[in-house]
Amino acid sequence: QVQLVESGGGLVQPGGSLRLSCAASGSIFTIYTMGWYRHAPGKHRELVATITSTRTTNYVDSVKDRFTISRDNAKNTVYLQMNSLKPEDTAVYYCNAYIKPTPNRGNSYYWGQGTQVTVSS
């Protein structure tokens, strides 16, 4: 069983910063790409950022130069540093990881439970 647990969400004023963390635990053989998605009310779920096992990163245009994704492979953890936050960044943020649980099992995508980020004055 694989679990992804997010932390770090909350309420912040416009222009502020938050750091999200997502730790993977359980039966894990290899973690490939990890990423963050967000889902705002009335909108489709949106890819925010991804990072491969070799630390190649990708961002949606709206967060470039404001958000930074990173990972600690020793801790099976991915982070999202969010700076210069805007009200339109308000959403539930979900962690995602592409994992091979055991040598004998195929790869699957796993999701965290989500953490709320609210940007408001």
Who pairs with Glu46 by salt bridge (Lys or Arg N to Asp or Glu O under 4.0 Å), at least two apart in sequence or on another chain? Arg38
Within the 4.5 Å heavy-atom criterion, are Gln113 and Tyr94 side-chain neighbours or not? no
Non-hydrogen atoms of Asn76 and Met34 that approach each other most closely: O-CE, 4.2 Å
Just checking Tyr98 against Tyr109, ring centres under 6.0 Å apart? yes
If only atom types and distance count, is the side chain of Arg71 paired as donor or acceptor with the main-chain N or O of Gly35 below 3.5 Å? no
Between Ser120 (side chain only) and Thr118 (backbone N and O only), is there a donor and an acceptor less than 3.5 Å apart? no
Quick one: are Val78 and Trp36 in side-chain contact, heavy atoms under 4.5 Å? yes
Check Thr77 against Tyr79 and note the closest heavy-atom contact, atom names and distance. CG2-CZ, 3.4 Å
Show me the side-chain donor-acceptor pairs of residues 9-33 shorter than 3.5 Å, one per line, residues at least two apart or across chains.
unit_1 : atom_1 : unit_2 : atom_2 : d
Ser17  : OG     : Asn83  : OD1    : 2.9
Ser27  : OG     : Pro101 : O      : 3.2

Is a donor on one side and an acceptor on the other found under 3.5 Å between the side chain of Ser84 and the backbone of Arg66? no
Measure the spacing between CG of Leu80 and OG of Ser70 and express it to the nearest 0.5 Å. 8.5 Å
Contact between Val119 and Val117 at the side-chain level, heavy atoms closer than 4.5 Å - yes or no? yes
Measure centre to centre between the rings of Tyr37 and Trp111, then say whether the value is under 6.0 Å. yes
Report yes or no: do Ile51 and Tyr59 belong to one cluster of Ile/Leu/Val/Met/Phe/Trp/Tyr joined by side chain heavy-atom distances under 4.5 Å? yes
With sequence neighbours left out, write down each residue that passes salt bridge (Lys or Arg N to Asp or Glu O under 4.0 Å) with Lys64, or none if nothing qualifies. Asp61
With a sphere of 6.0 Å drawn around CZ of Arg105, does it hold more than 12 non-hydrogen atoms of other residues, nucleotides or ligands? no
